[in-house]
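Below you'll find the structure, written out as structure tokens, and then a few comments.
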Number of protein chains: 2
Amino acid sequence: MPTAEQIAGPRDAASGRARGSYAKSDATRGAILDAALEVFAQGGYRAGSLREVASRVGLSEPAILHHFRSKSRLLAAVLERRDDHASQFIDEVPEDGIDAMHGLVALARYNASEPGVVELYCTLSAEATAPSHPAHDYFVRRYQMLRHAMFVSFSNLEARGLLRPGVTPDLAARSTLAMMDGLQVQWLLDRSTLDMAEDLRAHLRRLTTIEI
Amino acid sequence: MPTAEQIAGPRDAASGRARGSYAKSDATRGAILDAALEVFAQGGYRAGSLREVASRVGLSEPAILHHFRSKSRLLAAVLERRDDHASQFIDEVPEDGIDAMHGLVALARYNASEPGVVELYCTLSAEATAPSHPAHDYFVRRYQMLRHAMFVSFSNLEARGLLRPGVTPDLAARSTLAMMDGLQVQWLLDRSTLDMAEDLRAHLRRLTTIEI
DNA sequence: GTCTATAAATTGATAGAC
DNA sequence: GTCTATCAATTTATAGAC
């Protein structure tokens, strides 16, 4: 899985922390990242301000920039942290195709319980379609990775004869990724009338013959 | 179809133009709207500046604000103009379900030929999931309208026995809208490896039994 | 590690001349 | 209808005291 470090340059290789910081300040860094996720989640990266982040965490703007050298590096750290946390859903799926399908539905259900994360990725991925966006390369790599992981899963199902006629692993991967993204946009605009996990499950049932 | 006027308040009811302007300045207004679409398309509404719009059209910022009283009203005018232009694809679909399906594929193919429009709606719809966004209500209404139009089309197919077993008009409408949106995000991030119209066609073939 | 103070740039919008 | 000049607000980031 590609880390978010490439967005804003290298950091301390061993700890993943900025050089010179110790365990004591990790709590502060964590609080800043929590606040930054909220701020970037509603309105995206450009609309979110360091002032808003500082206000929520009860610090000054220079204090934020002391822990994360710039706004773009703060965004990189937020994404990196989410990657670590979400890897339990993503990294373990490719082994067995059937487990992978259940993992995708579980991911959709988990996402529905964390609106902030959905807002973050939904807003940022659209904002980052602009090549000049600091997270553009990150999202290009992320989509390549996700599409490849799904391709492997659907290939596993294809080898076991569990794909419906006319469904190829490549098409299944693209369409499933598109379905998850599109459902998120609709869900964010009207969270009452849409069950992301249930609609994703129905989609996967039309691609495969397994019981989901 | 809901107009974009509600974003920034009422305008002259008869002409759709700002009060007091005449045919002569319509060319200028059109040029401004063309430039504004480009600017808002890459990066969204908040990241786009009036200065950039003015620069592209060869006018000063106050000249822009003379024709459109504020930045949010400029955005409303851009969306209103696209609504007018895209209505040929949307407004005429509900009559016959089969024609509607072909219309959706044609719309996807048309969108692929106008990257700027895809960027505009893709970026804005994600940005506008924030309730405070000036175009939030517009996009909520837009999705309700699109979902309803598709529901009518799929209901027509259902009545003629053209939906596959287990597919309801409601689910088909939600999933098709999600598919179109999700494909656009992937396409914007990597335009070479994805054919939006072809993937949408495959999706519709798994929902219905008609030849598309 | 956190602060105040401030720089330097950009923003949307207004006033008023022509 | 378009301009110059300007305002007031906001932004990221830095300098330096504590």
Query raised in the report: Got a salt bridge between A/Glu119 and A/Arg191, using NZ or NE/NH1/NH2 to carboxylate O under 4.0 Å?
Result: yes
Applying salt bridge (Lys or Arg N to Asp or Glu O under 4.0 Å), can you list everything that pairs with [X], at least two apart in sequence or on another chain?
X        : value
B/Asp137 : none
B/Arg205 : none
A/Asp195 : none

Query raised in the report: What orientation do A/Tyr121 and A/Phe139 show, parallel under 30°, tilted 30 to 60°, or perpendicular over 60°?
Result: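 Answer is perpendicular, since the angle exceeds 60°.
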Interatomic distance, [X] [atom1] vs [N] [atom2] [rounded to whole Å]:
X       : N      : atom1 : atom2 : result
B/Arg73 : C/dG12 : CZ    : C1'   : 15 Å
A/Lys71 : D/dT12 : NZ    : C1'   : 8 Å
B/Phe68 : C/dG12 : CZ    : P     : 15 Å
A/Leu74 : D/dA13 : CG    : C1'   : 14 Å
A/Leu75 : D/dT12 : CG    : P     : 12 Å

Report task. Might you point out which heavy atoms bring A/Asp99 and A/Asp96 nearest each other, and give the distance in Å? Result ->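 Smallest heavy-atom distance, with atoms named: N-OD1, 2.9 Å.
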Report summary line: In terms of heavy-atom contacts, B/Leu157 and B/Ile98 come closest through CD2-N, 3.7 Å
Query raised in the report: Which parts of residues 120-129 of chain B get close to DNA chain C, meaning a heavy atom less than 4.0 angstrom away?
Result: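 Residues of residues 120-129 of chain B that come under 4.0 Å of DNA chain C do not exist, since none gets that close.
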Requested in this report: Pull out every residue in residues 42-54 of chain A that has a heavy atom closer than 4.0 Å to any atom of DNA chain C, ordered by number, or say none.
Outcome: none
**Report entry** Nearest-0.5 Å distance, CG of residue A/Leu120 to CZ of residue A/Arg82
**Finding:** 8.0 Å
side-chain hydrogen bond (donor to acceptor under 3.5 Å, both in side chains) against [X], all qualifying residues, sequence neighbours excluded:
X        : value
B/Ser192 : B/Asp190
A/Arg69  : none
A/Tyr143 : A/Asp181

Report summary line: When pairs are called at under 3.5 Å and a stem needs at least three consecutive Watson-Crick or G-U pairs, the stems of DNA chain C are C:1-7 with D:12-18, C:9-18 with D:1-10
Report task. Any ring-ring contact (aromatic ring centres under 6.0 Å, His included) involving residues 173-202 of chain B? Give me the pairs, sequence neighbours left out, ordered by first then second residue. Result ->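 Sorted pair list comes back empty.
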Query raised in the report: Who are the side chain to side chain contact (heavy atoms under 4.5 Å, CB included) partners of B/Ala36, not counting sequence neighbours?
Result: B/Phe40, B/Val53, B/Leu74, B/Val78
Query raised in the report: Listed in order of residue number, which residues of residues 56-66 of chain A have a non-hydrogen atom at under 4.0 Å from DNA chain D?
Result: A/Glu61, A/Pro62, A/Leu65
